[in-house]
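Since the model is a prediction, treat every value here as computed from it, not as a measurement. Counting convention: from 1, in listed order, for ligands and their atoms alike.
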Amino acid sequence: MKTNPDYALETLAVRAGQERSQFNEHSEALYLTSSFIFTSAAQAAARFSGEEDGNVYSRFTNPTVSAFQERLAALEGAEACIATASGMSAILSLVMALCSSGDHIVASNGLFGATQQLLGTIMPRFGIQTSFVPQTDTTAWQAAMRPETKLLFLETPSNPLTEIADIAALATIAHARGVLLVVDNCFCTPILQRPLDLGADLVVHSATKFLDGQGRVLGGAVAGPRSLTEEVFRFLRTAGPTLSAFNAWVLLKGLETLQLRLTEQSARALEMARWLENHPKVTRVHYPGLPSHPQHALARQQQRSGGAVVSFTVRGARAEAWKVVDGCRLLSITANLGDTKTTLTHPASTTHGRITPEQRAAAGIGEDLLRIAVGLEAVSDLQRDLARGLALI
Ligand SMILES: *Cc1c(COP(=O)(O)O)cnc(C)c1O
C-alpha cells in the first residue's frame, strides 16, 4: 500500500509501508528468509545486475525490512530510509558511505559515548578526523570547519545533559560550505522533532530506543534524500550491517504506538523533572521542558515537548549517586532508554565510562550526575522509588 504522505503522523505510524501478500494478511508479514528464488536463469541475472527490481538476498533487501524503512521514512518526511542492525551500525555505515580518507567531521562533544569513540578513536585510523565542539555554541561549529569537512554531526537533545543544538542555524552554516548536516534523532523521534523539516540532510536513529520502545531488539536507520541513502545502501549491501527481518517486524509494531508512548512518557518526564527540581537533595535538573533549561525557548521552537529523558545532579559525588541508584527498587538499573520501563543510569561509570575523564569533563558529565529515561509507570510510584534512594544521601 502506498500511503498518502498527507496523513497525520499517527496514521502513517500505523499504516505506512505495508504491502500485503497474496494472502491479504492484516498485520505486517514477517519474511524470515535469507534469499529469494527466481523464475529463470535470465531473471536471476537481471535481478543481480539490477536491471530488474526485486529481492535477491536479505543482506541487500527483505520485504519486512523494506516495510519498516518506508514507514520510518514517512514519519521523518524523508524520501528514503536504510535500516541497519543497530544505531551504531547506522552511524558507521553513514560515515563509511559518505566519507573517505582525508575527510573531516565536526561533531558535538555531547554525543553518545560509543559515537564519540567511533568518530574520535576508530575512524582516525582510517584517515577520517573529527573535531568535537560544544553542542550549543554555533560559532564554534563554524570555526571548526575546514576545507575538507564533509559532515556536521549532532544529537539533540544530547545524552545525558539534554543540551539543544539549533538545527536550522547549523543547517545554514553547513549548506553555505556545501557540507551535510546529520542529526541523530534518537531522543525525540519524528513524533517530537523532524530534523529534515528544519534543514538537516540526514537523520540517523538508534531504533533500539523509542522506536522499539519496549527494550526488545536492536536496530538503526539512516533517512534522507535517496541520492544519499543510496550511498549508504551500497555500503550496507556489501559490508552487511543489515537489520534482520525479525527485528524489522518488531520495530514496525513499535512504530504503531510511538506517538502514544512518546506523548505519555514526555508528560511523565515533565512531572518528574518538576518534582526533582524541588527535591532538597537534587542540585540541578536538566530537562528541555523546564523553563530553567538554558535553551528552553529553542527547545519549544524545534521540539513538540521536552522528551522522556531527564538528568539531574545530586548532593555529593560518585558514592552518593550510586547510593541513590542502589536505593531504588522499581527503577531498572540499565543503560537502555526509550523503554516503557523507567531506567536509571549513572552515566560517568557506564554509558560514558569508556571515554577519557577529560572528554567527560568537556561534555559536563560529572560523578554526581544521574539520568532517568521515564517509562509508563505511575509518576507517584517513580517518585516514591527515587525518594527512597535520595533519602539515603
Ligand atoms: C543508543 C544510542 C546510539 C547507539 O545505538 P545502538 O542501537 O545501541 O547501537 C546512538 N545514538 C544515541 C543517541 C543513542 O542513545
Side-chain angles (χ1 to χ4, degrees), residues 65 68 72 76 81-96 105 107-120 122-123 130 132 135 151 153-165 167 182-190 192-193 195 200 202-223 232 236 239-244 246-248 250-251 254-255 262 265 269 286 288 303 307-311 332 334-339 343-345 347 350-355 363 365 371-375:
V65 175
F68 168 68
L72 185 57
E76 286 288 2
C81 171
I82 299 297
T84 57
S86 65
M88 289 318 302
S89 60
I91 297 167
L92 174 68
S93 301
L94 182 145
V95 172
M96 294 299 274
I105 297 170
S108 156
N109 65 11
L111 287 180
F112 182 65
T115 313
Q116 286 192 49
Q117 267 204 297
L118 176 71
L119 297 180
I122 297 179
M123 295 320 296
T130 295
F132 292 96
Q135 166 97 328
L151 307 175
F153 191 103
L154 62 89
E155 249 166 70
T156 182
S158 67
N159 177 17
L161 292 178
T162 72
E163 290 181 322
I164 309 293
I167 298 175
V182 182
V183 176
D184 181 333
N185 202 25
C186 174
F187 268 45
C188 276
T189 83
L192 301 184
Q193 166 176 281
L202 285 164
V203 166
V204 300
H205 270 287
S206 168
T208 315
K209 312 294 168 56
F210 293 100
L211 302 190
D212 170 26
Q214 289 154 80
R216 298 168 295 192
V217 298
L218 276 88
V222 180
V232 177
L236 172 125
T242 313
L243 183 67
S244 79
F246 180 79
N247 287 7
V250 172
L251 292 170
L255 289 182
L262 253 287
Q265 288 174 241
H286 304 267
Q303 304 177 200
V309 177
V310 181
S311 63
S332 311
T334 176
N336 195 27
L337 63 91
D339 199 310
T343 64
L344 173 62
T345 312
T350 58
T351 51
H352 292 68
R354 285 165 70 188
I355 58 174
I365 295 162
R371 183 195 78 191
I372 54 172
V374 179

Between CD on residue Glu155 and OG1 on residue Thr115, distance to nearest 0.5 Å: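 One gets 5.5 Å once the value is rounded to the nearest 0.5 Å.
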
CG of Leu251 to CD of Gln214, rounded to nearest 0.5 Å, is 10.5 Å

In chain order, what residues pass the side-chain contact (heavy atoms from CB on, under 4.5 Å) check against Ala165, with sequence neighbours excluded? Gln135, Leu154, Thr156, Leu170

Suppose we screen for side-chain contact (heavy atoms from CB on, under 4.5 Å). Which residues come up paired with Leu262, at least two apart in sequence or across chains? Thr189, Ile191, Leu192, Phe210, Leu258, Ser266

Got more than 12 heavy atoms from elsewhere within 6.0 Å of CE, Met96? no

Of all pairs that satisfy salt bridge (Lys or Arg N to Asp or Glu O under 4.0 Å), the ones with a partner from residues 210-219, not counting sequence neighbours: Asp212-Arg216

Within the 4.0 Å heavy-atom sphere of ligand 1, strictly under, residues: Ser86, Gly87, Met88, Phe112, Glu155, Asp184, Cys186, Ser206, Thr208, Lys209, Gly219

